[in-house]
Structure formats: C-alpha cells, structure tokens
J.: 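Below you will find the structure I want to go over with you.
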Protein chains: 2
Amino acid sequence: MPGPTLRDVAKRANVSIRTVSNVVNGYAPVSDELRTRVQAVLDELDYRPNLIARNLKQGRTGMIALVVPELDVPYFAELAREVITAARAHGYVVMIDQTDGAVERERELLGRDSRATLFDGLLLSPLAVTAEELRGRANRIPIVLLGEHIFNGSFHHVAIDNVAAAREATAHLLGLGRRRVAAIGDQPYATGETAQLRTIGYRQAHAHAGLPVDEELIVATPHFHRRLGAQAMERLLALPEPPDAVFCYNDLLALGAMRALTRAGRRVPGDVAVVGLDDIEEGQYSTPSLTTVAPDKGEIARAAVETLMESINGRAANPAEIVVPHRLIVRESTTGG
Amino acid sequence: MPGPTLRDVAKRANVSIRTVSNVVNGYAPVSDELRTRVQAVLDELDYRPNLIARNLKQGRTGMIALVVPELDVPYFAELAREVITAARAHGYVVMIDQTDGAVERERELLGRDSRATLFDGLLLSPLAVTAEELRGRANRIPIVLLGEHIFNGSFHHVAIDNVAAAREATAHLLGLGRRRVAAIGDQPYATGETAQLRTIGYRQAHAHAGLPVDEELIVATPHFHRRLGAQAMERLLALPEPPDAVFCYNDLLALGAMRALTRAGRRVPGDVAVVGLDDIEEGQYSTPSLTTVAPDKGEIARAAVETLMESINGRAANPAEIVVPHRLIVRESTTGG
DNA sequence: CATGATGTCTGCATCGTTGCAGAGCTGCCA
DNA sequence: TGGCAGCTCTGCAACGATGCAGACATCATG
C-alpha cells in the first residue's frame with residue numbers, strides 16, 4: 001500500500017535520489033534531458049512525496065489547529081470557514097477540534113499528550129481556560145486567541161470591541177424609543193469575560209442616554225444557545241413590567257428569544273424589539289429577520305491567521321491586541337412592520 | 001524554540017535514547033529507580049514527543065481528513081461535529097477542508113500535490129467529482145464517501161435511503177390531505193444524484209397514493225441554500241394554481257421557502273405546509289418549527305469513521321454501501337395551529 | 001560450577017525526505 | 001596546456017523517533 005519513494009524512482013531512472021528530489025521540487029538545475037527522463041518515471045510510478053518525511057526534515061507541517069467550543073454553533077462554523085480560507089492563502093490547512101467548553105478538554109490541548117507538536121500554530125477560542133493556565137502550561141507552538149478577552153497581554157488576541165458593539169446595539173434600541181431594554185447573556189463570573197464586556201456596553205448606552213438600568217432586566221445564561229435564550233425571554237415576560245426590547249449577547253440567544261416571544265403571542269418588533277450579535281446567516285432568514293451586530297468574521301480570520309503566520313515565521317511582534325471592525329445591521333426584528 | 005528531544009533528555013539523565021523512549025512509552029521494562037530518574041528529567045525539560053518523527057517511523061499520522069462542500073452549511077457543521085467526536089473515540093483528529101462545491105477543488109484532493117499523504121484516511125462528501133474520476137485518480141489512502149450516491153460500488157459509502165426519506169416526507173404531506181405538493185431541489189444532471197433520488201421518492205409517494213405528479217411543481221435548484229429555496233417558492237406562488245404543500249430537499253431550502261411564504265403573506269402550514277430534510281437545529285427554532293426528515297448524523301459519522309478505521313487497519317472489507325436510519329420529525333410547519 | 005533463563009538496558013538501522021559539500025565534466029581564456 | 005568558472009549531478013548526514021537484536025548482569029537450576 002505505501003507508495004513509491006524517491007528511492008524507488010531513483011533506482012528505476014538510474015539517477016541519484018537527490019536528483020529525483022530536485023526534479024520534484026524544481027530546486028536545483030537539472031538538464032532538460034534528465035528532467036524529462038525522471039519526470040517520466042515519476043509519472044509512471046505516480047510518485048507522491050511523503051509529506052511527513054518532508055515535514056520532519058523541514059521542521060514544519062503546514063498545518064495549524066483551530067480549536068473552538070462547538071463547531072455546530074453557527075458562529076464558529078462560519079468563523080471556521082473563514083479560517084480555512086485564510087489559511088489556504090498561506091498554503092496551510094486547518095485541523096479543527098472542539099472542546100465543548102470543557103475546561104479539561106481545553107487543558108488537554110496544552111498538556112503533555114496533546115497533539116500540538118503536529119501543528120505549526122494554534123488558534124484557540126477559549127471558554128474556560130484562564131490566562132494564567134495558558135501561560136503556565138504554554139506550549140511550544142505559537143498561539144493566537146480568538147474572541148474571549150484575556151485581560152493581560154500575554155498572547156496575541158483578535159476580537160471585536162465588545163463594549164462598543166454592545167453599546168451600539170443597546171443604543172439602537174433606546175434610539176427607537178424603547179425604555180425597558182433587557183439584556184440576555186450576562187455571565188458574571190471568571191470565565192465570562194466577553195459577556196461582562198457586553199454588559200458594560202449595555203450599561204454605557206443607558207448612561208449615555210441618561211437612563212437608569214433596571215437590574216432585573218439583565219438575565220444571565222451559562223451558555224449562548226437558543227434554548228437558553230427562549231428560557232430567559234420567558235422569565236422576562238413573566239415580570240410585572242416586561243421589557244419592550246431585548247439585546248441578546250449572541251444571535252442564537254436572540255433567535256431563541258424570538259421563538260419564545262412568538263409562542264407567547266407577542267409580536268416582534270411590535271411588542272418587543274430584538275437585537276442579536278454575531279450576524280449568523282440564519283438571522284437573515286428568520287421571521288422576522290434579525291437585527292444584529294456583525295463582527296467582520298473574514299477579517300477576524302485573516303488577522304488571526306496572519307498574526308499566527310508571523311509568529312510561526314519568527315517575525316513575532318510583541319503580543320498584540322487586534323481589534324476587528326463590527327457594524328450594526330438593522331433588520332425587521334427592530335424596525336419591521 | 002524547538003523543544004528538547006529524546007537525545008537531550010538522554011544526555012542529561014545519562015542513559016540511552018532508547019531507554020528514555022521506553023520510559024515515555026511505557027513499553028519495555030525499566031527499573032523503578034531508573035524510570036524515576038528519567039521521568040524527573042522529562043518533567044524538568046518538559047519533554048514533548050515529536051509526533052511528526054513518530055509518525056514517520058510508524059507510517060501513520062493519527063489524522064483523517066474530512067472534506068465537505070461548505071462548513072458553514074449547518075448540516076455539514078453538525079456532521080463535522082459528529083465526525084470529530086467519532087474520530088476522537090478512535091484516537092484520531094480531523095483535518096477539515098471545504099471545496100465550495102468546485103470540481104477543481106475536489107480534484108486537487110486527488111492530485112499530485114494534495115496533502116493527502118499526511119492523513120491516514122479521507123472522508124469525502126463530494127458534490128461534483130464523479131466516480132470515474134475518483135477511481136482513476138484514486139489516492140493511496142482509504143476513502144469513505146458521504147452522502148452523495150456514487151452508483152457503482154467502487155468505494156465505501158455511507159448515506160441514508162434517500163428515496164425512502166423523500167417518499168416518507170411526501171407521503172406525510174399527502175396524508176394530511178394536501179393535493180398539490182411541490183418539490184424544491186431537483187438537480188436533473190450528472191452531479192445531482194442525491195437530488196434525483198429524492199425526486200424518485202417524491203414520485204413514488206404520489207404513485208402509492210394513486211395521484212398524478214404535476215411536473216410544474218418540481219423546481220430545480222443548483223444549490224441547497226436558503227436564498228434558492230425562497231426564490232423557488234416565489235416562482236411556485238406565481239403559478240396559476242400554487243401548491244398547498246412543499247417538500248424541500250433540505251432544511252435550508254425549506255427555511256428559505258418558509259421565509260418567502262411569510263413575506264408573501266401566506267400562512268404555514270395553513271396555506272402551505274412545508275417539510276425539509278436534514279434536521280438541522282435551526283429548524284427546531286424557526287417560526288413555525290420545521291417538520292423534517294432527520295438522518296441519524298451521529299450514526300453516519302460513526303459508521304463512516306468506523307469503516308475508514310477498518311480500511312486503515314487493513315481489515316478492509318469490500319466496498320460497502322452503508323445505509324443509516326432516518327426518521328420523520330413532525331413539527332409545526334405541517335401540523336401547527 | 002556450568003548453563004540457561006530472566007530482566008534491564010543499549011546501539012544500530014531505519015522511516016523518506018532535504019541541506020550541504022563536493023565530484024566530475026565542459027568550455028573558456030590566458 | 002593549465003587553470004578556473006560554471007553547470008550538473010551525487011553521496012552523506014541529518015530531522016527525531018521506534019524496531020530489533022543483542023549485551024550485560026543477575027539469579028535459579030541441575
């Protein structure tokens with residue numbers, strides 16, 4: 001089953017292994033006559049270079065790893081798509097793994113038995129692992145973090161300005177005249193840094209508008225899934241004074257919330273306006289379509305891969321905090337008829 | 001930057017390289033005293049085995065590749081998730097690539113410069129490449145095909161019974177008393193084999209019910225995306241006698257169709273009932289929720305990985321046609337209030 | 001005490017490729 | 001004709017790990 005090696009080709013063509021290698025790679029000068037002869041044998045045997053061997057010799061694999069919590073969460077799927085595309089532009093392929101948000105799975109990555117040595121670099125979208133741990137058990141390969149804010153500047157990190165994004169989303173709702181704007185998705189504990197940034201933005205928008213925040217309207221959720229969005233919305237609807245708008249910390253929560261609203265007979269945006277964050281494709285096709293804050297996913301992927309490549313190639317700058325643009329996309333869930 | 005090697009550890013611990021290797025792998029008997037001493041040095045230097053070197057020696061990489069058309073299509077994202085999980089159970093990791101449905105990208109995979117030699121096996125969900133081509137340019141690594149029906153038995157192939165799935169979906173609509181049941185998603189050309197199977201099932205259901213098929217109600221779409229589902233639905237609504245139900249060949253088409261229906265002021269299922277296929281999570285949360293045929297994605301992934309592992313381990317049976325179960329999940333889009 | 005079995009440990013070869021240094025040939029010029 | 005450059009081509013060593021055969025010491029056995 002193993003294919004022919006350079007040696008096999010060399011023997012058959014009566015040349016040295018090195019010459020065959022030169023023909024394959026087009027490196028060194030080879031006379032036309034010889035090149036043709038060797039090429040013929042290469043074709044005849046259908047030679048394929050053994051990339052593992054090449055990698056061993058060259059000390060790199062041409063592969064990076066992308067680790068996300070859940071690949072079937074649309075945001076990560078869309079991001080993964082962009083990462084694969086961006087990596088390809090650098091001649092790299094992408095191994096994808098998921099942690100299911102489990103700390104131990106994230107730790108495994110850094111541990112003794114991780115497969116990390118197979119990759120030239122690692123893009124990590126951490127949920128649970130802390131900066132301390134990352135630093136302590138830091139692997140030997142370059143790492144770029146995605147999304148979660150790690151507060152100290154130990155690693156390259158690519159993300160949108162979460163505070164601004166949340167502020168703009170909330171301001172949009174307030175600007176529509178809504179006065180009881182809820183927030184779904186806070187995570188007031190150590191690993192919920194991104195959520196907390198969004199809560200800050202939510203509060204800032206209120207402050208700028210000179211409006212108080214009703215703490216009752218901030219609902220925490222341990223995850224960012226549809227089901228929890230629906231549950232949170234139900235709880236909000238049960239309040240004596242339910243909200244007339246809600247900013248959800250991601251689109252899935254928002255879609256779940258809209259589902260709960262529809263089921264409860266409320267109209268969106270008539271009774272309650274809804275804004276999400278992530279701009280997953282699904283939001284364009286929901287009924288009503290979803291107003292959302294769109295991070296530039298292509299840019300996130302490009303910046304992350306670019307930064308990783310620089311680290312891999314040793315042109316590593318100091319750990320950089322890279323902020324990627326976002327924009328509010330207004331659709332029916334806030335302004336629909 | 002490169003980490004310590006076995007040699008480094010060996011030198012420092014004053015033992016042979018081979019002994020260090022034995023300690024690392026727990027292979028051969030090593031005295032407790034020596035094991036402790038070596039382990040101490042391993043820890044001290046934070047040794048990590050170079051997996052590329054190990055792979056070269058052992059002739060396998062512990063990686064498989066999964067190639068899908070588009071990772072951000074929910075069905076493929078969900079499938080990818082299951083594949084990653086299934087592969088992990090075998091100690092394997094998964095490299096994911098996407099072809100965007102481009103023939104040339106699928107061909108690249110099989111070509112001279114593909115990275116295929118890095119992987120022990122390949123799971124391919126082909127769109128455009130034909131069985132002929134696959135066989136002709138067949139790579140040296142084991143391949144298992146997903147989804148698309150390749151008519152001759154040259155490769156292992158895992159899929160649901162597409163004819164039966166489509167038949168059941170259509171029968172469900174007919175059973176509800178609908179009499180003008182449309183079909184969205186036919187692909188009457190060489191690379192649309194799966195779609196054609198679904199059309200066969202659609203016809204069978206009509207035949208079983210003793211009803212004629214109105215050819216006008218079968219709408220072809222080059223892709224299975226939301227936008228095309230919406231467009232197709234609009235075309236159907238423009239007919240003199242529009243349909244009262246529609247079977248979409250996947251959930252995205254169905255969601256797009258529902259979107260078009262809502263926009264046109266038709267009620268689902270009141271005016272038009274909708275059935276999809278794939279059971280993507282989004283369908284549970286759409287308004288109305290989507291009736292669909294659910295392939296057992298976990299089982300698809302497990303069967304595919306299992307089969308691939310058998311090929312890799314040389315216990316390869318003849319190319320097998322593996323049929324995975326599916327079931328109709330009835331939700332609001334056909335029976336809702 | 002010789003023998004062989006057992007338990008540890010080691011060195012060499014090897015996986016398939018590429019980096020490096022240099023061998024051999026040709027042609028040109030002084 | 002000798003010397004030198006330039007072009008091809010080659011062989012050896014190496015990447016870092018593991019498979020294998022065997023060295024050596026210890027111990028039990030007849």
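Computed from heavy atoms alone, side chains included, the values below leave out hydrogens, waters and symmetry copies. Computed from a prediction, not measured in an experiment: that's the story for all the values here.
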J.: Could you verify whether a donor N or O on one side chain and an acceptor N or O on the other, from B:Y92 and B:D120, lie under 3.5 Å apart?
T.: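 There is such a pair (donor and acceptor under 3.5 Å, judged by atom type) between the side chains of B:Y92 and B:D120.
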J.: Roughly, in whole Å, what's the span from CG in B:N55 to P in D:dG16?
T.: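 About 15 Å, once rounded to whole Å.
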J.: With a 4.0 Å cut-off, would you call A:E78 and A:K297 a salt bridge?
T.: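 Between A:K297 and A:E78 there is a salt bridge, with a charged N closer than 4.0 Å to a carboxylate O.
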J.: For B:D100, give me all partners under side chain to side chain contact (heavy atoms under 4.5 Å, CB included), at least two apart in sequence or on another chain.
T.: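 Residues passing side chain to side chain contact (heavy atoms under 4.5 Å, CB included) with B:D100: A:R81, A:R88, B:E70, B:R105.
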J.: Expressed as a whole number of angstroms, how long is the span from B:L56:CG to D:dA14:C1'?
T.: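 Checked: the CG to C1' distance equals 12 Å.
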J.: If you fit an axis to the five pairs at each end of the helix from C:dC1-D:dG30 to C:dA30-D:dT1, how big is the angle between those two axes, to 10 degrees?
T.: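 Comparing the first five pairs with the last five, the axes sit 70° apart.
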J.: Between B:R107 and B:E104, is there a side-chain N and carboxylate O pair less than 4.0 Å apart?
T.: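 So B:R107 does not pair with B:E104 through a salt bridge.
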J.: Rounded to whole Å, please give me the gap between CG in A:N14 and C1' in D:dT10.
T.: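 For the pair A:N14 CG and D:dT10 C1', the rounded distance is 13 Å.
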J.: Would you say a side-chain N or O of B:T19 is under 4.0 Å from OP1 or OP2 of C:dT10?
T.: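 Indeed, a polar side-chain atom of B:T19 lies that close.
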J.: Checking all strands, does A:L34 fall into the base, sugar-phosphate, or nothing category for heavy-atom contacts under 4.0 angstrom?
T.: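 The answer is sugar-phosphate, as A:L34 gets under 4.0 Å only of primed atoms, P, OP1 or OP2.
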J.: Going by side chain to side chain contact (heavy atoms under 4.5 Å, CB included), name the residues that satisfy it together with B:L146, two or more places apart in sequence or in a different chain.
T.: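 Per chain and number, B:L146 pairs via side chain to side chain contact (heavy atoms under 4.5 Å, CB included) with B:L66, B:L79, B:L123, B:S125, B:V158, B:I300, B:A304.
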J.: Would you say that more than 12 heavy atoms from the other residues, nucleotides or ligands in this model lie under 6.0 Å from the CZ of B:R12, or not?
T.: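 Counting neighbours around CZ of B:R12, 12 or fewer heavy atoms of other residues, nucleotides or ligands fall under 6.0 Å, so no.
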J.: Spell out protein contact along nucleotides 17-23 of chain C as letters: B when the base is contacted, S when just the sugar-phosphate is, - when no protein heavy atom is under 4.0 Å; keep the 5' to 3' order.
T.: BBBB---
J.: Ignoring hydrogens and geometry, is there a side-chain-to-backbone donor-acceptor pair from B:R302 to B:A86 under 3.5 Å?
T.: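 Side chain of B:R302 to backbone of B:A86: no pair is present.
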J.: Taking CG from B:L45 and C1' from D:dG16, how many angstroms apart are they, rounded to a whole number?
T.: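 Atom CG in B:L45 sits about 15 Å away from atom C1' in D:dG16.
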J.: In whole angstrom, give the distance that lies between atom CG of A:L118 and atom P of D:dA17.
T.: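 Atom CG in A:L118 sits about 12 Å away from atom P in D:dA17.
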J.: My understanding is that only residues two or more places apart in sequence, or in another chain, count here; which of them pass side chain to side chain donor-acceptor pair (under 3.5 Å) with A:N55?
T.: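 Result, side chain to side chain donor-acceptor pair (under 3.5 Å) vs A:N55: none returned.
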J.: Not counting sequence neighbours, which residues clear side chain to side chain contact (heavy atoms under 4.5 Å, CB included) with A:S16? List them please.
T.: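 For A:S16 the side chain to side chain contact (heavy atoms under 4.5 Å, CB included) partners, ignoring immediate neighbours, are A:R18, A:T19.
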J.: Think A:S31 has a side-chain N or O under 4.0 angstrom from the OP1 or OP2 of D:dC9?
T.: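 For A:S31, the contact criterion (side-chain N or O under 4.0 Å from OP1 or OP2 of D:dC9) is met.
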